[in-house]
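In what follows, chains carry the letters A, B, and so on, assigned in the order in which the sequence lines appear, proteins first and then strands, with residues in each chain numbered from 1.
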Amino acid sequence: MHIPDGFLDAKTWLGATALSGAALYYALKKTQERWEDRQLPALGTMAAFIFAAQMVNFPVGGGTSGHLLGAALATFFLGPWGANVVLTTVLIIQALLFADGGITALGANVLNMAVIGPWVAQGVYSLVGYRNLGGTFLAAWLSIVAAALACSLELAFSGIVPLRLVVPAMLGWHSLIGIGEGLITCGVVIFLKRIGMVPFETLSLEVQKR
Amino acid sequence: MEQVIVVDDLHFKYPDGTWALRGLSFTVTRGKKVALMGHNGAGKSTLLWHLNGLFLPQQGEVRIEGRLITSSTEKWVRTRVGLVFQDPDDQVFSATVKEDVAFGPRNLGLPPGEVEKRVRSALAAVGMLGYQNHPPQSLSYGQKKRIAIAGVLAMEPEIILLDEPLAFLDPAAQENLCLLLEELHRQGKSLLVATHDVDFAASWAEEVLILKEGKLLAHGDPELLLNEDMVREAGLRLPIVAQIFRGLLPEGFTLPRDVQGARRILQAFLK
Amino acid sequence: MCKPAAEIEFWQRKEGSCLHRLDPRVKVVALIGFVALVTTLTSLFSLFLGISFLIFLISIARLDTRKVIKRLSWTVAVSGPLVVLLSLVTPGTPWYKLQVGPLVFTFTLEGVRLAVVLLLRLLNALLALCLLTGTTSFSELMLAFRRLYVPSLVVVLVEFTIRYAAVFVQELRRMFLARRARGFRVGRSLLDRATFLTLSQLVGALLLRSLTRSERIYFAMLARGFNGSPVRPEVYPVARLNKEDLLWGGLILAWALILHLLEMGVWEWNKL
């Protein structure tokens, strides 16, 4: 889902950059409040984890495979603001060092995968809670599909592909990827629950609310 | 002789309820080489974390150079007591070697010129002077360990705690580390090494503390490690050289605790 | 399991050409500006001029061409199919019909043109990125970002993530190989229960290790006197920009602007 440079027109990528810039600004404030001096070890290790986890390849079918995004997982443990910062970090590294996603398109990619993804997941968590496995699956699946929807809208607004073609194509494919994401996200939550890591927050280095 | 570390009836329990330390009491004299021993899970690391003020005792007290460790003195404690973690990846987190070693001195509030000086001398002490701009992930395990030590040395603490410093090092690296420890001892630093390497402890330490399940089993000179019942109860073993001579020596001869001692015995017999 | 990771190799300060010596801030601004301007071009001619200019710069910088090509081919291989897809999907005058079995693919003229434009834009962006990362060491880049008002937490997180990425990826690989050694093979579809169970365990185990490690790292920071003030790198003296910096920076941006003017000019000619 990483959009390369040149695929979006100026108005789209400038607009997306402005939105994700504003989101990042707020996210940095919020993470400062929540983690204080522990921001670096808490968020940094999660970013390194997400980076590594995104290398996990799962089969979709017919020889095709998909990659984990980790937005729902990051949101589960860090909340939407923390996930925003963590995923932005990962996307920056991917764009700068791996040419995975463009530089001008970074704003759009961040908007889709680091802002919309986490917030959609958070929306589901707020409605169904964190102990509901079906809710966790839905959060993960929806985060992928919503990000894909945003991506297709951006491509359509840039006049690259007609809307009526790109939306079903992207949503169709990413609905399948979303299943994989949902399965693994749920699997991770089950795994941690089984080894006794409940509540999960005990190791996230958050500052205890006084 | 000054007691640099005084531990009195130290108790500590983890949040999940397991008691890690149960009523530990001991003292460490300035300038000594102390080996902290015990089986895995005996509480060695937990104790070290108390001596650096990372954990505060739930019961009992710890005094460093006479001062009680409390939440208000813990920052001062860390300027006097350096702790080298077991896994260098936990300690060396910065983007370059230079930056990481400078982390400690900067936290002390030293001016940039002094920080620079300390970084250089710390790296020189561990033999890594040419590596200032290297990123830590490009270094080998042994090199990272040396950087971790340098990072602590740069703070110039008087008391240095090392958690399993020899673990996973190849023999050459282990030898270099022993030489470094010797040099630090010569500078008058107090050294406390947590280890379950009996051979190392028997040959290097001046004092041995043996922990078992959070309690102090014994505290004395390294001859403790030649006591079969003691080592078995502690979940350790006799030093290899002692094992060789077990049951072979006539009355009046004590088991050797290191290679030198063994050679002396053999020379006496070979005459 | 893992996609081929490009090598992160620019740690050492690179020496080699005048471009290496330029102030990294100038390079970042100029090259990103170049990409911003050029990737909105629409004429094939001006895009070709953009690529030629970058190739010229790359030759001045004496970059390793094999590495550049390797970088390019990876991204083009990934984006290539998408681009081809677009040329099928764009409405317009049919240009070429391809028959594969019972399916007929119609490439439209507009579609092919769009695909070529996108590909050329992509190449421009990639070459500019190669130029930036090939002539600037990682620490210089991070410093440039700090000086360009990128929030310092973001920069520190990027450095930290890179520091530990290799550690975590290796842990993941080791765990994966350990499972492989006991007979695990990745399945074929979403329906393969064993695959997803194992992958979840892998990711879960890695997450657990990450969380416990984050605690130990925090305590290790405390042990060395960390008191909450933001982690700052060495304070480099702020180098003043010299003539060389401004010259090259200006040249790069000017070229991109000229291409735009050229494009507009071409349109003007066409209107006449």
Mind checking the OG1-CG spacing from C/Thr212 to B/Asp90? Nearest 0.5 Å is all I need.
8.5 Å
Minimum heavy-atom separation for C/Ala223 to B/Phe85, with atom names?
CB-CE1, 3.9 Å
Does a sphere of radius 6.0 Å around CZ in B/Arg120 hold more than 12 heavy atoms from other residues, nucleotides or ligands, not counting ones at 6.0 Å or beyond?
no
Whether over 12 other heavy atoms sit under 6.0 Å from C/Arg62 CZ
no
Within 6.0 angstrom of C/Arg193 CZ, more than 12 heavy atoms from elsewhere
no
Please name the pair of heavy atoms, one in B/Gln91 and one in C/Arg224, separated by the smallest distance, quoted to 0.1 Å.
O-NH2, 3.1 Å
Please check if the side chain of C/Tyr164 supplies one atom and the backbone of B/Asp89 the other of a donor-acceptor pair under 3.5 Å.
yes
Side chain, backbone, both or neither: which part of B/Val92 has a heavy atom under 4.5 Å from chain C?
both
With a strict 4.5 Å heavy-atom criterion, list every residue of residues 55-67 of chain B that contacts chain C, or say none.
B/Phe55
Minimum-distance pair of heavy atoms, taken over all atoms of C/Arg163 and B/Ser94:
CD-O, 3.8 Å
Region of B/Asp163 that comes under 4.5 Å of a non-hydrogen atom in chain C
neither
In terms of heavy-atom contacts, does OH of B/Tyr131 have more than 12 from other residues, nucleotides or ligands at under 6.0 Å?
no
Would you please test C/Leu222 and B/Glu74 for side chain to side chain contact (heavy atoms under 4.5 Å, CB included) and show each step?
CA-CA 10 Å; C/Leu222 286 180; B/Glu74 64 183 40; over 6 Å; no
In plain terms, say whether C/Arg213 and B/Asp87 are close enough for a salt bridge, that is, a side-chain N and a carboxylate O under 4.0 Å apart.
yes
Answer key: most heavy-atom pairs under 4.5 Å with chain C among B/Leu108, B/Asn52, B/Leu54 is B/Leu54
To the nearest 0.5 Å, tell me how far B/Thr96 OG1 sits from C/Phe138 CZ.
10.5 Å
Taking atom CZ of C/Phe226 and atom CZ of B/Phe93, what is their separation to the nearest 0.5 Å?
7.5 Å
Closest approach of B/Asn107 to C/Asn227 (non-hydrogen atoms, all atoms of both residues):
O-ND2, 4.1 Å
